[in-house]
Protein chains: 2
Amino acid sequence: MVTMKEIAQQTGVSVSTVSLVMNGRDGGRVKPDIAAKVRKVAQILGYQVNPMARSLRTNHTRMLGFISEEVATTPYAGGIIKGAQDAASRLGYMMISVSTDGDADEDEEIAALKRYGVDGFYYAKMSNRVTRVPRSLMDMPLVLVDATDPEGRFPSIEPDEFRIAYDATTRLIEAGCERIAYVGCSENMIAQDGRLAGYHAALEESGAGYSERLVANVLNNGPALNAVSELFDREQPDGFFCFNDARAWYVYECAARRGLTIGKDISVVGVDNHRVFAETLEPQLTTVELPHYEMGFWATCKLVSIIENRSLDDLELPHTTAPLPPLDAPIPAKIHCALIEKHSVRS
Amino acid sequence: MVTMKEIAQQTGVSVSTVSLVMNGRDGGRVKPDIAAKVRKVAQILGYQVNPMARSLRTNHTRMLGFISEEVATTPYAGGIIKGAQDAASRLGYMMISVSTDGDADEDEEIAALKRYGVDGFYYAKMSNRVTRVPRSLMDMPLVLVDATDPEGRFPSIEPDEFRIAYDATTRLIEAGCERIAYVGCSENMIAQDGRLAGYHAALEESGAGYSERLVANVLNNGPALNAVSELFDREQPDGFFCFNDARAWYVYECAARRGLTIGKDISVVGVDNHRVFAETLEPQLTTVELPHYEMGFWATCKLVSIIENRSLDDLELPHTTAPLPPLDAPIPAKIHCALIEKHSVRS
DNA sequence: ATGAAAGCGCTAACAG
DNA sequence: CTGTTAGCGCTTTCAT
């Protein structure tokens with residue numbers, strides 16, 4: 001490991017000077033030619049800062065702590081974490097992610113991360129829920145991910161559920177469907193409200209109109225299948241927007257039993273949580289992919305902007321809001337969704 | 001942040017003494033009563049070591065670097081990472097996991113982790129493959145996870161594919177199946193060889209005998225479905241062992257089309273990769289869950305044992321090899337599998 | 001414009 | 001047994 005001392009010796013200057021140069025703090029303080037020489041020697045020797053030594057003085061480590069639960073059991077997590085990590089890496093940060101089982105070890109893990117000197121925290125839930133933020137996090141730079149603080153004190157990154165549903169439903173409308181059903185979730189989830197509203201809005205706006213009779217909010221297993229089955233027979237829908245791919249599966253099953261082919265006799269758009277169908281059958285239903293990666297990515301940007309007290313735009317990372325794919329394609333396609341960025345109260 | 005200095009002042013001793021006590025290196029070196037006093041003051045003040053400051057002297061950080069690819073896209077990763085992290089946390093280590101896209105950023109991420117001073121690395125692939133270990137990892141304590149080094153130079157933790165298949169097939173035999181098919185994977189994967197062998201062995205041992213005609217190695221989508229369909233009609237199997245749940249899905253689909261009920265007319269055991277079925281339908285097929293968590297857990301233990309140059313048994317962690325569930329249960333049940341621990345060549 | 005010196009929190013060699 | 005001293009690699013006054 002090359003140290004500043006070595007560079008100093010090689011160049012014939014003091015460590016202080018090297019430090020100044022390596023941190024870009026020369027500028028009327030170090031003669032340009034000597035600065036250049038330092039840089040060159042550093043280059044040749046392959047100098048890398050030692051973040052630990054630096055942190056001892058500066059009290060910041062460029063490490064970020066990612067706290068989440070359930071990571072082990074949900075496939076969603078990967079995308080968020082990957083996105084967060086990518087952005088961190090680009091911004092010169094290191095992300096340490098820790099998943100907890102319950103409140104018990106949560107505080108322990110947070111304490112451990114604090115000991116290691118992380119500069120800020122993500123607090124993530126897998127699938128948007130109203131969430132109590134741990135006390136121990138409140139005095140730190142903090143961003144919520146896929147979670148909602150009841151009092152709105154902390155910035156959060158959440159998928160735009162309304163737009164997801166609005167887009168998906170519009171897709172069905174433009175595909176020519178006239179009786180569009182919604183197979184939703186009967187659990188109390190934030191996503192459910194937004195999606196139902198988006199579905200509703202899209203229908204109203206198109207002039208097709210909304211009817212409660214076309215909505216089935218279900219849970220799972222047999223009862224869910226029966227409810228969808230009943231919807232099938234009662235309303236004979238020609239299009240379905242499904243809360244997730246488990247729900248899409250019920251539609252798939254009902255269609256199969258009635259000899260109907262998805263993509264031909266009926267159209268289905270499902271929000272993709274598990275990417276099951278893509279791996280098992282020829283693509284027959286259109287899937288809308290949740291913007292997990294983007295959420296993670298933006299969470300990092302927001303968090304770093306708080307830590308460094310800079311505006312988001314200063315970070316110079318591409319504001320990628322990918323364009324929507326054409327609506328007439330019967331094949332699966334990703335829809336990237338806008339992110340809602342709540343106000344940040346921290347000073 | 002409480003420092004040793006403060007404890008020293010409060011107690012009226014020197015920092016050295018405090019350091020000795022806090023590291024348990026008193027023992028004939030510090031008078032018991034003064035050691036006790038130090039400990040008490042530390043307790044009251046809520047002292048926590050500063051790992052960064054410590055690492056500056058000791059050159060070890062108690063941080064572990066977890067390198068993997070594909071984490072974002074596979075649900076398997078979570079279990080491994082959770083297991084690894086749990087063990088790390090119990091052993092007083094912090095795990096930093098980083099997932100890479102390709103070789104390009106892999107070396108960069110490794111370099112970053114080295115800068116941060118990690119003590120050792122995991123190198124993980126999602127689903128066992130023969131793997132080239134990056135040069136930059138070779139001079140570090142290293143454990144492969146779900147990956148195989150062609151030259152067997154590094155310790156690795158892999159699922160015992162043979163036993164997985166052997167157990168699953170035995171389960172079908174004991175359930176009374178007489179024509180047991182294997183729906184495998186036609187890609188060249190290590191798991192495939194082991195599973196086919198385990199299936200084979202279980203059949204031979206039971207006296208039922210093995211027939212190639214009952215084996216269908218498939219890829220996915222339509223062709224896979226057709227192949228399974230053909231197997232169905234040609235051999236009329238009454239039991240199926242499936243490489244993963246995508247393959248089990250083809251069997252499910254074929255059964256449904258023929259009016260057969262799984263768990264009644266035919267029996268199916270599938271290796272569970274996505275936990276799809278549990279979320280969609282009443283449990284009808286038996287799933288074997290891969291021991292991802294355990295692999296991660298043991299990987300950490302192995303890695304730490306290398307780093308600290310201790311034997312695995314010294315680590316004092318429970319050697320949990322959970323007992324197999326009863327074989328006559330028609331409901332899904334986890335089968336925990338033994339782990340293969342390859343020899344470690346590092347000195 | 002540059003360097004010397006102090007110190008971040010901790011460990012370890014060496015005195016006493 | 002305990003304290004003094006030095007130093008890990010870096011940043012940051014403060015002299016020069």
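Excluded from the calculations below are hydrogen atoms, water molecules and symmetry mates; all remaining heavy atoms, backbone and side chain alike, are included. We name chains A, B, ... by the order of the sequence lines, and we start the count at 1 in each one. On a predicted model such as this, the values are computed, not experimentally measured, just so you know.
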query: Do B:Lys40 and B:Asp33 sit within salt-bridge range, that is, some charged N less than 4.0 Å from a carboxylate O?
result: no
- prompt: So does A:Thr17 reach the base of C:dA1 with its side chain, donor to acceptor, closer than 3.5 Å?
  reply: no
message: Distance check needed: C:dC10 P versus A:Arg115 CZ, whole Å only.
response: 12 Å
message: By nearest atom, which of the nucleotides D:dT5, C:dC10, D:dC1 is closest to the B:Ser16 side chain?
response: D:dT5
task: May I ask you to check whether over 12 heavy atoms, not counting those of A:Arg29, lie within 6.0 Å of atom CZ?
output: no
query: D:dC10 P sits how many Å from A:Met22 CE, rounded?
result: 9 Å
message: In this structure, how many angstroms lie between the P atom of D:dT2 and the CG atom of B:Leu20, rounded?
response: 10 Å
query: How would you label the contact of B:Asp26 with the nucleic acid (heavy atoms, under 4.0 Å): base, sugar-phosphate, or nothing?
result: nothing
- request: Report yes if a donor N or O on one partner sits less than 3.5 Å from an acceptor N or O on the other, where the partners are the side chain of B:Arg57 and the base of D:dG7; otherwise report no.
  value: yes
query: Under 4.5 Å between any side-chain heavy atoms of B:Ser68 and B:Thr100, yes or no?
result: no
task: Have a look at A:Asn59 and say if it touches a base, only the backbone sugar-phosphate, or nothing, with a 4.0 Å heavy-atom cut-off.
output: nothing
Atom-to-atom span, CG of A:Leu56 to P of D:dC8 - whole angstrom: 13 Å
message: Taking donor-acceptor contacts at under 3.5 Å, does the side chain of A:Ser19 reach the base of D:dT12?
response: no
message: Looking only at the side chain of A:Asn23 (C-beta and beyond, no hydrogens), which of the listed nucleotides C:dT11, C:dC10, D:dT11 gets closest?
response: D:dT11
message: If I take atom CZ in residue B:Arg25 and atom P in nucleotide C:dC10, what distance separates them, rounded to the nearest angstrom?
response: 16 Å
message: Just checking A:Lys37: does its NZ atom have more than 12 heavy atoms from other residues, nucleotides or ligands closer to it than 6.0 angstrom?
response: no
query: Base, sugar-phosphate alone, or nothing: which one does B:Thr3 contact when heavy atoms must sit under 4.0 Å apart?
result: sugar-phosphate
- request: Can you tell me the distance, in whole Å, between the CD atom of A:Gln9 and the P atom of D:dC10?
  value: 12 Å
message: Any base atoms under 4.0 Å from A:Arg29, or only sugar-phosphate, or nothing? Heavy atoms, all strands.
response: base
statement: Between NE2 of A:His60 and P of C:dC8 the distance, given in whole Å, is 17 Å
- request: Flag the pair A:Tyr93 / A:Val304 as yes when at least one side-chain heavy-atom distance between them is below 4.5 Å, and no otherwise.
  value: yes
query: D:dG9, C:dG3, C:dT11: which one has an atom nearest the side-chain heavy atoms of B:Arg54?
result: C:dT11
task: Describe the nucleic acid contact of A:Ile34 in one word from base, sugar-phosphate, nothing, applying a heavy-atom distance below 4.0 Å.
output: sugar-phosphate
- prompt: Across the strands shown, which category fits A:Gly12 at heavy-atom distances under 4.0 angstrom: base, sugar-phosphate, nothing?
  reply: sugar-phosphate
message: How many whole angstroms separate atom CD1 of B:Ile7 from atom P of D:dG3?
response: 14 Å
